[in-house]
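Below is one structure, written out as structure tokens; comments come after it.
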Amino acid sequence: MPARRSFSGGRVVMGAGVAALPRVACPALLAAVRSFDRFETDNDPHGEHDVGTVTLVGYRCCWKIDCYDRDLRCASPDPALTTCMLSVMLAEEC
């Protein structure tokens, strides 16, 4: 999986709503995603730490990590041939 805390080792994409946030909100939101550590049975039942929700200055946002084949066409059956994508969206885009 990509390093969610460093945004390296994969791809990071933002939904249109996040991209349209005020310029100062986006870096703060991404910092909140990086520092997220409230994984519990309710929001992470499989212990994969691949989804989360953060609220920042009135914006409720969600993030998730998906693993695709290298062409980003479908789920990857082989970890050695995987590209991980971290998507950050407004809650209404999830």
Side-chain angles (χ1 to χ4, degrees):
M1 288 197 157
R4 177 181 48 87
R5 294 185 184 268
S6 67
F7 294 161
S8 64
R11 294 188 183 198
V12 179
V13 296
M14 293 184 287
V18 171
L21 291 176
R23 182 171 271 190
V24 296
C26 197
L29 170 61
L30 295 177
V33 169
R34 284 180 169 169
S35 65
F36 184 87
D37 65 357
R38 294 181 312 275
F39 295 105
E40 300 170 358
T41 305
D42 289 342
N43 65 14
D44 189 27
H46 302 290
E48 295 176 353
H49 296 181
D50 59 350
V51 296
T53 303
V54 295
T55 301
L56 181 70
V57 194
Y59 298 105
R60 184 170 162 82
C61 301
C62 60
W63 59 268
K64 66 178 185 163
I65 299 171
D66 294 300
C67 297
Y68 294 98
D69 65 5
R70 289 194 176 159
D71 295 325
L72 301 175
R73 293 186 183 164
C74 60
S76 177
D78 182 351
L81 302 174
T82 296
T83 298
C84 293
M85 184 178 301
L86 169 64
S87 301
V88 182
M89 302 158 282
L90 293 180
E92 55 266 24
E93 296 176 306
C94 295

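Because only heavy atoms are used, hydrogens play no part in the values below, and waters and symmetry mates are left out as well, while side chains stay in.
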Angle class for the H49/F39 ring planes (parallel below 30°, perpendicular above 60°, tilted otherwise)? parallel
Do side-chain atoms of [X] reach the backbone of [Y] as a donor and acceptor pair under 3.5 angstrom?
{"X": "D78", "Y": "A80", "value": "yes"}
{"X": "R4", "Y": "R34", "value": "yes"}
{"X": "N43", "Y": "R38", "value": "yes"}

Measuring from [X]:[atom1] to [Y]:[atom2], what's the distance to the nearest 0.5 Å?
{"X": "F7", "Y": "L86", "atom1": "CZ", "atom2": "CG", "value": "5.5 Å"}
{"X": "C62", "Y": "E93", "atom1": "SG", "atom2": "CD", "value": "8.0 Å"}
{"X": "T53", "Y": "M89", "atom1": "OG1", "atom2": "CE", "value": "9.5 Å"}
{"X": "L29", "Y": "Y59", "atom1": "CG", "atom2": "OH", "value": "10.5 Å"}
{"X": "E48", "Y": "I65", "atom1": "CD", "atom2": "CD1", "value": "10.0 Å"}
{"X": "D50", "Y": "C84", "atom1": "CG", "atom2": "SG", "value": "10.0 Å"}

Cluster question for you: counting only ILVMFWY and a side-chain heavy-atom cut-off of under 4.5 Å, with indirect links fine, are V57 and L90 together? yes
Assigning hydrophobic clusters by single linkage (Ile, Leu, Val, Met, Phe, Trp, Tyr; side-chain heavy-atom cutoff under 4.5 Å), is M14 placed with F36? yes
Taking all heavy atoms of [X] and all of [Y], pick out the closest pair and write down the distance.
{"X": "R11", "Y": "L72", "result": "NH1-CD1, 3.1 Å"}
{"X": "D69", "Y": "R73", "result": "OD1-N, 2.8 Å"}
{"X": "A25", "Y": "L56", "result": "O-CD2, 3.9 Å"}
{"X": "R5", "Y": "S35", "result": "NH1-CA, 3.8 Å"}

